[in-house]
Amino acid sequence: MARSKTALRESLLPTTVEQAREIPFYASLWSSADLPADSRAWDVTTLDRVPVITKESPGGGAGSVLHPGRKATMVIRSSGSTGRPFVRYRGPEELRAYADFGTAIRRAAAGRGGGAPPPTVHASLLTTRTHASLLGTAGADRTLSLALVDGNDLERALDLLAAEPLFPGLEGAVVDITGNPGDLMLLGAGLARRGLVRDGFITRVVVVSDYLSPLVRDYLRSVFGSGTDIVERYSMSEVVGGATVCPACDALHFDPVVVPQVVALDDDSPVTAGIGRMVLTELHPFSQVQPLLRYDNGDLVERVAGGCEPDEVTVSFVGRRAETPAARDGGRTRVVLRPRGLRDALERFTEIARPPLHPRITSPLHGGAPLVHTEWTGDGPVRITVRAVPAFDPNLFPAAAGQLRDRVHAAVLGCCPEIGPAVADGFAEVCVELEPDRAGVAGFIVRRG
């Protein structure tokens, strides 16, 4: 599969480059770079010489990338969770190309199973945390939007899913559902309560917009049933395609419609091992109005060897750059703590409080992120303060509070390869505090102080 991905990317790259050169932004940006004049001479390694762009820079950044000969029919406003918000445009040709690509994949998968694919309905859960990704709708026969703003919305969503058929004339349809972990937990619990979970109906649950912990994955599997695939996606509102977390090797496997690369923290040189910045290139015809080439999306990843696709760029997610404690050390940027590793380490602490899944939907489930606020200050040494909300009153149980504080401290020191050595050589220090007031901690947050 990895070789076929590479072959597809190599075949699409020349047209991608030709189209990009028609855009004034890229024509100006690449004018001084050492790049082949003939786009047919380009391969994936040529991209290493292409300047990296971000949302802000150079020359106005990704927001300045617009093809003069293409018309947009879709507008997506990036939330700005990884940097400055900007408006993203898409056109009818690229939307059709992506839909056709998704249809071809579904048909190929059904062909391997020995039959025609059943009609597919893609349902998106719409709340405040939704990525406007094209993934789910690609190749679906029908689409369905399920708002989950309050309890009434949840009941209406369940009523819609109970309808047979879901759409007139669409008999025997199967359903894919995309949403964030908390909303999927609420929907799954509602389906189970109504007795609507049946074999072969909901074939796939796709988790986007937030971290999928092993605990939540197990819960989703229990309510949706063993016949439903639980898929964790790495996706962005501003980039077509993305990656899927592999259940076998736990690494990100990227879609063939993008070229993934990892560059250094302090310059644009390629990284073959260790932590770097995630850079993505969208390929023609899947991005045409505003194609992003060598786009730094604001995330940090670790380049890892091996995995299920040894010939592919294989990475694991570290965290958003703005939320990853780091400082200069000897002329280079040194990562001190991985937000994803910290979340993993604290996820199974039953003594740490969790918020309700939804502010306006009453549920006995409290599967939200642990209430932990982590803040770092200083540029070396780095002081990291972890404030956790206990699920009990630390004033009434001081001994238990002391034990919890010590255990959280030990968990932080063991949560990733960087923090222990940083503390040992005096480059970082960790302080753990228990915060009895839930109002002072909004959720799982890591930020600079």
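Along the sequence shown, the residues carry numbers beginning at 1.
- In terms of heavy-atom proximity, Val271 sits nearest to Gly274 at CG1-O, 3.9 Å.
- Annotation: the span from Ser145 atom OG to Leu126 atom CG amounts to 4.5 Å, rounded to 0.5 Å.
- Ring orientation note: the planes of Tyr234 and Phe254 are nearly perpendicular, at an angle over 60° on the 30°/60° scale.
- At least one donor-acceptor pair under 3.5 Å links the side chain of Ser11 to the backbone N or O of Leu8.
- In terms of heavy-atom proximity, Pro256 sits nearest to Phe101 at CG-CZ, 3.7 Å.
- Salt bridge Asp266/Arg334: absent, no basic N to carboxylate O contact under 4.0 Å.
- Side-chain contact, Asp48 with Gln261: a donor N or O sits under 3.5 Å from an acceptor N or O.
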* For side-chain contact (heavy atoms from CB on, under 4.5 Å), just list the numbers for Leu125 and Asn180, CA-CA rounded to whole Å, side-chain angles, deciding distance to a tenth of an Å, and then say yes or no. => CA-CA 8 Å; Leu125 303 185; Asn180 68 62; over 6 Å; no

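- Between His253 and Lys5 the shortest side-chain heavy-atom distance falls below 4.5 Å.
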* To do: Tell me, with the steps shown, if Arg303 and Val313 meet side-chain contact (heavy atoms from CB on, under 4.5 Å).
  => CA-CA 7 Å; Arg303 182 81 185 265; Val313 171; 3.9 Å; yes

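- Partner of Asp268 under the salt bridge (charged side-chain N to carboxylate O under 4.0 Å, His left out) criterion, out of Arg277, Arg49, Arg294: Arg277 alone.
- Using a 4.5 Å cut-off on side-chain heavy atoms (C-beta onward), Ile23 and Val65 make contact.
- Side-chain N or O atoms of Thr244 include none that pairs as donor or acceptor with a backbone N or O of Cys246 at under 3.5 Å.
- Considering all non-hydrogen atoms of both residues, Gly225 and Val197 come closest at N-CG1, 4.5 Å.
- Using a cutoff of 4.0 Å between basic side-chain nitrogens and carboxylate oxygens, Asp379 and Arg448 are scored as salt-bridged.
- Electrostatic pairing of Arg447 and Glu375 counts as a salt bridge here, judged by a charged N lying under 4.0 Å from a carboxylate O.
- The structure places CG of Asp153 at 7.0 Å from CD1 of Ile361, a figure rounded to the nearest 0.5 Å.
- Separating the CG atom in Asp299 from the CE atom in Met236 is a distance of 7.0 Å, to the nearest 0.5 Å.
- Note on Glu302 versus Arg338: salt bridge recorded, some NZ/NE/NH1/NH2 to OD/OE distance being below 4.0 Å.
- Among residues two or more places apart in sequence or in another chain, the salt bridge (charged side-chain N to carboxylate O under 4.0 Å, His left out) test is passed with Glu347 by Arg343, Arg354.
- Distance check, rounded to the nearest 0.5 Å: CG of Leu371 to CG of Leu346 gives 11.5 Å.
- Evaluation of the salt bridge (charged side-chain N to carboxylate O under 4.0 Å, His left out) rule for Arg407 yields Glu351 as partners, not counting sequence neighbours.
- Residues Leu47 and Thr281 have side chains in contact (heavy-atom distance under 4.5 Å, counting atoms from C-beta outward).
- Judged purely by atom type and a 3.5 angstrom limit, Lys55 has no side-chain atom pairing as donor or acceptor with the backbone of Gly60.
- Arg217 is linked by a salt bridge (charged side-chain N to carboxylate O under 4.0 Å, His left out) to Glu232, counting only residues two or more places apart in sequence or in another chain.
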* Test log, rule side chain to side chain donor-acceptor pair (under 3.5 Å), inputs Arg383 and Thr377 -> CA-CA 5 Å; Arg383 179 178 174 82; Thr377 57; 5.5 Å; no

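- Here the shortest heavy-atom pairing between Gly241 and Val257 reads CA-CG2, 4.0 Å.
- When only modelled atom types and interatomic distance are considered, Arg70 and Gln19 share a side-chain donor-acceptor pair under 3.5 Å.
- Here the side chain of Asp183 pairs no donor or acceptor atom with the backbone of Gly179 at under 3.5 angstrom.
- Comment: Arg340 does not engage Asp344 in a salt bridge, judged by the lack of any side-chain N to carboxylate O separation of less than 4.0 angstrom.
- The CD1 atom of Ile419 lies 9.5 Å from the CG atom of Leu342; values are rounded to the nearest 0.5 Å.
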* Verdict with supporting geometry, Tyr295 and Val258, side-chain contact (heavy atoms from CB on, under 4.5 Å) -> CA-CA 11 Å; Tyr295 171 65; Val258 293; over 6 Å; no

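- Without hydrogens or angle criteria, Asp229 side chain to Arg204 main chain gives no donor-acceptor distance under 3.5 Å.
- A side-chain contact (heavy atoms from CB on, under 4.5 Å) with Glu94 is found for one member of Pro285, Ser287, Pro291 and no other, namely Ser287.
- Between the side chains of Thr203 and Asp176, a donor-acceptor pair is found at a separation under 3.5 Å.
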* Stepwise side-chain contact (heavy atoms from CB on, under 4.5 Å) test for Val231 and Val205 -> CA-CA 6 Å; Val231 179; Val205 169; over 6 Å; no

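- Under the 4.5 Å side-chain criterion, counting only non-hydrogen atoms from C-beta, Leu293 is not in contact with Ile53.
- Under the 4.5 Å side-chain criterion, counting only non-hydrogen atoms from C-beta, Leu212 is in contact with Leu220.
- Checking Asp43 against Thr46 by side-chain atom types alone, a donor-acceptor pair falls below 3.5 Å.
- Proximity of Val408 to Ile352: side-chain heavy atoms (C-beta onward) are separated by under 4.5 Å at one or more points.
- A distance of 4.5 Å separates CG of Leu35 from CH2 of Trp42, quoted to the nearest 0.5 Å.
- Between the side chains of Gln290 and Arg90, not a single donor N or O lies within less than 3.5 Å of an accepting N or O.
- Between Phe392 and Pro394, the shortest heavy-atom contact is O-CD, 3.1 Å.
- Using modelled atom types, one side-chain atom of Thr16 and one backbone atom of His284 make a donor-acceptor pair closer than 3.5 Å.
- Side-chain contact between Met74 and Leu95 is present, with at least one heavy-atom pair separated by less than 4.5 Å.
- Taking a 6.0 Å sphere around CZ of Arg328, one finds it holds more than 12 heavy atoms contributed by other residues, nucleotides or ligands.
- No cation-pi contact links Arg21 to Tyr26, judged by a cut-off of 6.0 Å to the six-membered ring centre and 45° from its axis.
- In this structure, the side chain of Thr178 does not engage the main chain of Ser124 through any donor-acceptor pair within 3.5 Å.
- In this structure, Val259 and Glu282 have side chains that are not in contact, with every pair of non-hydrogen atoms separated by 4.5 Å or more.
- Between Cys415 and Leu337, the shortest heavy-atom contact is SG-CD1, 3.3 Å.
- Other residues, nucleotides and ligands place no more than 12 heavy atoms under 6.0 Å from the CG atom of Asp250.
- Comment: Arg387 engages Glu435 in a salt bridge, judged by a side-chain N to carboxylate O separation of less than 4.0 angstrom.
- A donor-acceptor contact closer than 3.5 angstrom links the side chains of Ser39 and Glu18.
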